[in-house]
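Written below as structure tokens is the structure these notes are about.
Naming: A, B, ... by sequence-line order, numbering from 1 per chain.
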Protein chains: 2
Amino acid sequence: MSIQAVAAQAGVSVATVSRAFNFPDKVTPATRELVERVARELNYLPNASARTLRTQRSRTLGVVLPTLLNPTFAECLQGIARAAVAGGYAILPVTTGYRLDEEERAVQLLLAGNVDGLILVVSNPSTSAALQRLQAAGVPYVLAYNRHADHPCVSVDSEGAVADAVTRLVLLGHRRIAMVSGTLAASDRAQQRYRGYQRGMAEAGLAAPPLVEVPFVETAVDALCAELRPRSRPTALVCSNDLLAIRSIRAAHLSGLAVPDDLSVVGFDGIALGEDLTPALTTIAQPNSDIGRHSVELLAQAIAGGRALQADASLLLPHAFRDGESCANAREDNDAALS
Amino acid sequence: MSIQAVAAQAGVSVATVSRAFNFPDKVTPATRELVERVARELNYLPNASARTLRTQRSRTLGVVLPTLLNPTFAECLQGIARAAVAGGYAILPVTTGYRLDEEERAVQLLLAGNVDGLILVVSNPSTSAALQRLQAAGVPYVLAYNRHADHPCVSVDSEGAVADAVTRLVLLGHRRIAMVSGTLAASDRAQQRYRGYQRGMAEAGLAAPPLVEVPFVETAVDALCAELRPRSRPTALVCSNDLLAIRSIRAAHLSGLAVPDDLSVVGFDGIALGEDLTPALTTIAQPNSDIGRHSVELLAQAIAGGRALQADASLLLPHAFRDGESCANAREDNDAALS
DNA sequence: CTGTTAGCGCATTCAG
DNA sequence: CTGAATGCGCTAACAG
């Protein structure tokens, strides 16, 4: 069903049909209604490819994410999807599995797909070859979750948030506070969060034990259990994300420790599921859906303006410390265990 | 960067460049390498829209899902995404929030987007207007999770799986087994699972208490707590999905009941997170990622064959009862509470 | 307000 | 094996 057929059936020119759809005001109400009726009868749908080819705009946004198996990114993608539809955009998501080569391949793929702009979560903006390519191509893009002075980003103050969380734990009486993270090298967020932990500990005048670094994708419960064995085990764990926090709670359970009585656990991300857990997850909540929404809006704005986004367009969204049940006061006997 | 530029730079015709990419054999190795080199130097990427317009194939699949906030669908989409990339397809996902009007709008949107095929999870295939429209359009499609005799589906035997789960609970000594479900009317899966529950109860010669039906999206923990209050409360809960199971566990906790000691809970879906919870979720695991993968493969096959999929192409994938820690033997005093 | 026409970038005839 | 020419469906000048 093409515009030609509609024009013929309605007894008007193709230009009129096109106008009736794209500039309803530039056409007589009578002819507009005629065209609309015929189009409906013929079940006409404008061909997106032809339009894209002609206008050089696809009204499609590429989305590059590490994985959908982490609810954080699923929530973000949901936010992106909703905002995109609302703005008249389609989205083309690709997952990278935290792999650099996949990041590059994804960008390549999406550029070939004629996307008008890209939203991406990369491992590390500083070292991403994909971003170089993007800037060279001049396609508008925005980073989500990442934070970097040279790129437009939508993110939260991870470092400050974690430092604050550490302070809260200190106020609860904890002294031996450890941090659990995924592979540091694989994520700038992890690095920022770790810095926040170090800062928080320093400000409290506490010595920070070595980072507990576990492989990203794997369950890593075994490794976590090992950390909880020593006599001078931590009384509180700051986890770099909610998935790790959940696994840490499991590791505690397997090690015979009760959460929060024997061990306090704080997560990071604020996945919705955390609120339904038992104990409800105490976590630093990011506005995941909003991060997606703002990314879309920023991008749509830039596209409409016909220019790429600059680093100074970056948005720092508010985070919130979400109080759950996985944190409690440090117990006396825990302190004793430390001495 | 167009094919024209590459042709000019390489000193050949556009036809040769096109052939060098699409039919490498139909061109001299020498010219092929020349073209490839020039293309690389010029950073040439074939324009997807132009190709689609010309070939009438977009190599894009539409995906219609209820939500990404349920990890089940996020896992499925991940499977779809991976299989799509592997098969040279892009995906265009749209979420419907379990709303019928959104289902229709989504299909409309995707058809306009020139997708070669669609994967969809609808509320109920029997009543879906979206499917009518799809069949009329002659576009290949496949339903995921849904199960219906008149449509091509990739799913599991939900009814049998739940009946089996009930049997297992009975063998653990449970007699008072209730089912918790989302809005029945909003999902054929929920209906099938409920039938499985009824069958399992009947086969065990047990009376099935009224279905505990809670609104889908909401947390519903309060409603669940109410169900656990009566003296003749159930000793086991069969939940229509893992999210409900997680909330049920929380509701039990808030009601002062221990899982699994006071209450056994079985879920349905097999979300990855379930294994990391404490207690680890006992659930009927669906191969979510595989459901996505098979949907893509079936569709790709049909598209290659130039025909729509028939209902008899449906796939029934194996499910697995995943033993966790949220189920235990019924206790004596529980039985006492029932008398 | 409406019609005619060119061309977006590519794949594909048909000649050579 | 390669080149010239056509048209996929649409929008944007331009002409009337």
Side-chain angles (χ1 to χ4, degrees), chain A residues 1-36 38-39 42-60 88 90 110-116 137 139 303-304 306, chain B residues 1-36 38-39 42-60 88 90 111-116 137 139 304 306:
Chain A
M1 195 49 0
S2 81
I3 203 175
Q4 304 275 355
V6 177
Q9 180 71 21
V12 299
S13 73
V14 292
T16 300
V17 178
S18 176
R19 278 190 285 257
F21 276 88
N22 299 316
F23 308 96
D25 300 338
K26 310 213 83 178
V27 90
T28 304
T31 52
R32 175 159 51 101
E33 283 170 32
L34 169 66
V35 169
E36 280 173 356
V38 172
L42 265 49
N43 227 312
Y44 166 73
L45 292 177
N47 183 306
S49 305
R51 176 178 287 170
T52 297
L53 184 57
R54 176 62 230 234
T55 61
Q56 306 288 27
R57 275 146 142 272
S58 62
R59 296 208 66 85
T60 297
L110 293 172
L111 287 180
N114 289 119
V115 296
D116 289 344
V139 177
I303 293 167
Chain B
M1 197 48 3
S2 82
I3 202 175
Q4 306 276 356
V6 178
Q9 181 70 24
V12 299
S13 73
V14 292
T16 298
V17 177
S18 176
R19 277 191 285 257
F21 276 87
N22 301 314
F23 308 95
D25 300 338
K26 310 212 84 178
V27 90
T28 303
T31 52
R32 174 159 52 100
E33 282 171 34
L34 169 67
V35 170
E36 280 173 355
V38 172
L42 264 50
N43 227 313
Y44 166 72
L45 292 177
N47 182 305
S49 305
R51 175 178 285 171
T52 296
L53 183 58
R54 173 66 228 237
T55 61
Q56 306 287 26
R57 272 143 150 273
S58 61
R59 296 208 67 85
T60 297
L111 287 179
N114 288 118
V115 297
D116 290 343
V139 176

**Message:** With nearest nucleotide decided by heavy atoms, which residue, A:A15 or B:K26, maps closer to the 5′ end of DNA chain D?
**Reply:**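 Final value for this comparison: B:K26.
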Take the protein atom [atom1] of [X] and the nucleotide atom [atom2] of [N], then report the distance between them rounded to whole Å.
X     : N      : atom1 : atom2 : answer
A:R19 : D:dC10 : CZ    : P     : 15 Å
B:R32 : D:dT2  : CZ    : P     : 11 Å
A:I3  : C:dT5  : CD1   : C1'   : 14 Å
A:L53 : D:dA12 : CG    : P     : 13 Å
A:Q56 : D:dC10 : CD    : P     : 16 Å
B:Q4  : C:dG7  : CD    : C1'   : 11 Å
A:R57 : D:dA12 : CZ    : C1'   : 14 Å
B:R54 : C:dA11 : CZ    : C1'   : 4 Å

Can you find a side chain N or O atom of [X] that sits less than 4.0 Å from OP1 or OP2 on [N]?
X     : N      : result
A:N22 : D:dT11 : yes
B:S2  : C:dG9  : no
A:T55 : D:dA12 : no
B:T31 : D:dT2  : yes

Please classify the nucleic acid contact of [X] as base, sugar-phosphate, or nothing, using heavy-atom distances under 4.0 Å.
X      : answer
B:S18  : base
A:S49  : nothing
A:F21  : nothing
A:N114 : nothing

**Asked** Below 4.5 Å, heavy atoms only, C-beta onward: do B:Y44 and B:V38 meet side chain to side chain?
**Response**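 They are not in side-chain contact.
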**Request:** Flag the pair A:T16 / A:R19 as yes when at least one side-chain heavy-atom distance between them is below 4.5 Å, and no otherwise.
**Result:** yes
Which atom pair, heavy atoms only, marks the closest approach of [X] to [Y]?
X     : Y     : answer
A:V27 : A:T31 : CG2-OG1, 3.5 Å
A:T52 : A:S58 : OG1-CA, 3.5 Å
B:V35 : B:V17 : CG1-CG1, 4.0 Å

**Request:** Please tell me which of the listed nucleotides, C:dC1, C:dC10, D:dG9, lies nearest to the side chain of A:N47?
**Result:** D:dG9
**Fill in**
Ranking B:V14 and A:T16 by the position along DNA chain C of their nearest nucleotide, the one closer to 5' is A:T16
